[in-house]
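The next block holds one structure in the form of structure tokens; read it before the comments.
Chain A is the first sequence line, chain B the second, and so forth, proteins listed ahead of strands; every chain is numbered from 1.
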There are 2 protein chains.
Amino acid sequence: MPVPVTTKDVARKAGVSQATVSRVLNNHHYVNEETRQKVLKAIKELGYQPNIIARSMALQKTHALGLMVSDLTNPFYSELAKSIINRAKELGYNVIIYNTDTEDVQATYLDFLQQRRVDGIIFTSVELKDSKVEKLVKAGFPCVFCNRRLKLKTSSFICSDNKKGAKIAVKHLINLGHKHIGYISGPNNYSTALERLEGYIETVREHGLHVDNQLIKQGYFNNDYAYSATRELISIPNPPTAIFVSNDLMALAAMEAVLDAGLRVPEDIALVGYDDIKISGHKLIQLTTVAQHMETMGRLAVDELVQMLSRDGGRQKPVHKFLEPELIIRETCGYRLAKK
Amino acid sequence: MPVPVTTKDVARKAGVSQATVSRVLNNHHYVNEETRQKVLKAIKELGYQPNIIARSMALQKTHALGLMVSDLTNPFYSELAKSIINRAKELGYNVIIYNTDTEDVQATYLDFLQQRRVDGIIFTSVELKDSKVEKLVKAGFPCVFCNRRLKLKTSSFICSDNKKGAKIAVKHLINLGHKHIGYISGPNNYSTALERLEGYIETVREHGLHVDNQLIKQGYFNNDYAYSATRELISIPNPPTAIFVSNDLMALAAMEAVLDAGLRVPEDIALVGYDDIKISGHKLIQLTTVAQHMETMGRLAVDELVQMLSRDGGRQKPVHKFLEPELIIRETCGYRLAKK
DNA sequence: ACATTTTATGAAAGCGTATTCAGATATTCA
DNA sequence: TGAATATCTGAATACGCTTTCATAAAATGT
């Protein structure tokens with residue numbers, strides 16, 4: 001390992017005090033130009049690199065953000081994470097990433113995080129109620145919720161307008177003539193699931209259709225559940241002719257379930273997803289879906305968090321942003337059929 | 001923000017010195033059981049959480065690993081990253097993730113990293129030659145290369161046996177009767193591209209076939225390139241009947257190119273990918289591919305890096321691991337046809 | 001020309017922890 | 001019983017940086 005060069009070494013070499021070196025590094029005023037040059041020269045010659053940890057210690061900030069992701073291999077989350085990482089870098093922050101497949105993992109991570117390893121946290125997959133996380137927010141620890149939000153009103157979040165997203169999706173199906181529309185999603189303790197369900201129900205009602213509980217499947221946010229729920233839906237006595245699935249990955253699984261049952265998409269069962277992950281646009285998939293703007297969502301979340309950090313102490317009122325969803329019409333709803 | 005509780009506070013409450021609190025926290029021997037209990041009680045009552053930054057400062061280790069990823073939205077990398085993050089957590093390490101779409105970004109990150117923000121780095125997408133990275137390795141900074149490796153022999157890496165992977169893929173195509181096989185990949189300054197090319201060429205030769213440079217396309221590791229290269233390949237005078245594409249994402253793009261040209265997969269053009277990302281197994285895709293074991297690769301990389309950290313000072317000889325690739329036969333090579 | 005302000009710099013303190021050093025008490029051994 | 005050893009704990013120091021405090025020199029104002 002290279003011997004680390006410290007400000008002290010630089011100071012000795014430049015013939016000044018260590019404090020002066022620090023002043024040069026931090027662009028303090030009141031540093032003589034000549035002195036500054038001497039110091040810069042010494043820094044260069046010694047290849048000095050500041051020790052971030054020591055700086056963090058002195059400043060009481062880490063310049064690192066925590067990022068909680070429930071499943072990084074879901075393209076929705078990896079796109080979101082990428083956006084967050086890139087924006088954080090632009091603003092001079094590092095991102096420590098936590099994969100929280102299970103809830104207890106998130107809990108242990110939270111303990112970690114209170115050890116002042118990060119200045120703030122972005123949650124991408126929080127439950128509506130989570131006492132540990134709520135405690136964190138109430139204690140004033142800077143948190144921003146992205147994609148999924150906490151019920152707690154005092155918390156800031158950047159989410160898709162899920163209700164609206166669901167509405168435009170379901171409305172599209174109804175306009176195509178579907179009267180019997182299934183809904184597959186995760187549990188209602190997630191804002192995404194709850195709000196999309198509300199949008200689904202509201203739209204069905206608005207069009208004078210009956211809300212049939214048999215058509216509503218709320219289990220888990222994973223492919224296996226989507227697959228089995230689809231199989232169940234298509235085998236009930238009066239099966240749906242279309243299914244709105246709460247995310248693209250699950251919609252892909254639903255698609256397999258339909259095909260495995262010997263039915264066709266969209267002729268027998270139409271499908272709409274949510275997210276618009278890249279693969280949904282593939283020529284062989286062509287999934288109709290509600291697009292989310294992961295890039296924007298991630299960027300805004302970082303911006304908001306960094307803002308919170310800079311106005312430390314003076315707590316502002318929380319920010320609540322709902323991004324506009326957009327229906328992407330492809331072929332799994334019978335677009336081609338409708339065109340004909 | 002909650003007022004942070006320090007060891008000093010705990011010490012005062014427990015009526016002992018700060019040093020003793022530290023001893024209790026670190027399970028030092030020579031601490032009276034009664035004292036230990038007093039301290040533990042105070043810790044609990046005050047809700048003390050150690051300050052990781054201060055600890056890092058004292059110990060001169062951050063307990064954080066850097067992870068360089070070229071494109072987190074490529075499922076191959078997100079699966080790899082997930083594995084790395086999870087394994088690191090198991091071993092008590094945090095992961096700071098760096099997205100390096102462009103090379104200059106990686107360079108600026110490297111400067112960051114020398115600021116002792118992390119104890120070591122895992123590179124997943126290094127070039128064979130990269131003077132900045134080589135300098136880091138030569139300076140003794142703990143680095144492990146995962147997936148792609150450096151040419152530098154003194155560096156440790158965990159990679160797929162890319163040559164072998166290419167060989168089994170191409171052999172499979174040849175066994176199916178293909179005599180004219182295209183190859184699409186990224187530039188040869190990446191070990192993955194180079195080794196797979198070697199495997200391709202060697203296998204073609206071994207089977208007495210002619211290596212036709214017209215069939216070899218080496219441009220960039222991205223979808224646009226894969227698409228256009230495919231279009232080019234299928235429009236040359238004597239076009240290939242099969243194409244080996246260097247990764248699944250690119251193979252998916254190649255598939256679109258074939259279909260857009262009005263040809264069929266696999267009847268007109270057979271395709272093999274590399275990686276076996278999840279979507280490749282989807283019912284509508286069914287891409288034949290060479291599987292990599294991202295989970296294992298990531299885990300081993302972390303294990304190796306953490307080992308390097310523990311045996312600090314005493315530099316061991318570098319570890320070179322080639323993981324066994326595995327051919328996953330699906331339908332894009334005419335498996336169904338072959339079966340008939 | 002003297003008081004005041006501005007500019008410039010070093011010494012020292014502080015961030016929160018781990019650890020060394022030294023001393024005190026208790027225990028063991030001959 | 002005295003010496004050697006083991007057990008326990010507090011004071012002090014170090015980690016590398018930022019920043020306050022103090023002080024000195026230079027510039028400015030009247």
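The CG-P distance, from A:Leu59 to C:dC15, rounds to 13 Å in whole Å. Computed from coordinates, the B:Arg55 CZ to C:dT17 C1' distance equals 8 Å when rounded to whole Å. Taking atom CE on B:Met57 and atom P on C:dT19, their separation rounds to 15 Å, with Å as the unit. Atom CD in A:Glu33 sits roughly 21 Å away from atom P in C:dT6 (whole-Å rounding). Between A:Tyr30 atom OH and D:dT20 atom C1' there is a gap of 15 Å when expressed in whole angstrom units. One interatomic measurement links the two molecules: NE2 of A:His28 to C1' of D:dT20, which rounds to 10 Å at whole-angstrom precision. Rounded to whole Å, the distance from NE2 on A:His63 to C1' on D:dT18 is 12 Å. For the pair A:Asp119 CG and C:dC15 C1', the interatomic distance rounds to 14 Å; values are reported in whole Å.
Between A:Glu34 and A:Lys38 there is no salt bridge, since none of the side-chain N atoms of the basic residue sits less than 4.0 Å from a carboxylate O of the acidic one. Ion pairing between B:Lys82 and B:Glu79 fails under the 4.0 Å rule for side-chain N and carboxylate O. Salt-bridge annotation for B:Lys129 and B:Glu134: absent, with no side-chain N of the basic residue lying under 4.0 Å from a carboxylate O of the acidic one.
Neither OP1 nor OP2 of D:dC17 sits under 4.0 Å from any side-chain N or O of A:Gln60. Applying the 4.0 Å criterion to OP1 and OP2 of D:dT9, one finds that B:Thr20 has every side-chain N and O outside that range. Side-chain N/O atoms of B:Thr35 include one lying less than 4.0 angstrom from OP1 or OP2 on D:dT9. Using a 4.0 Å cut-off, some side-chain N or O of A:Thr7 falls inside it from OP1 or OP2 of D:dC17. Between B:Gln18 and C:dA18, a side-chain N or O to OP1/OP2 separation shorter than 4.0 Å is absent. At D:dC17, none of the side-chain N or O atoms of A:Asn51 fall inside 4.0 Å of OP1 or OP2 (strictly under the cut-off).
Looking at heavy-atom distances under 4.0 Å, B:Ser22 makes contact with a base. Contact annotation for B:Val21: no contact, since no heavy-atom pair falls under 4.0 Å across all strands.
Toward the 5' end of DNA chain D, the nearer of the two residues B:Arg36 and A:Pro50, judged by each one's closest nucleotide, is B:Arg36.
Separation of the B:Phe123 and B:Phe157 ring centroids does not fall under the 6.0 Å cut-off.
In terms of polar N and O atoms assigned as donor or acceptor, the side chain of A:Arg23 comes within less than 3.5 Å of the base of D:dT20 in a complementary pairing.
A heavy-atom distance below 4.5 Å is not found between the side chains of B:Ile96 and A:Val95.
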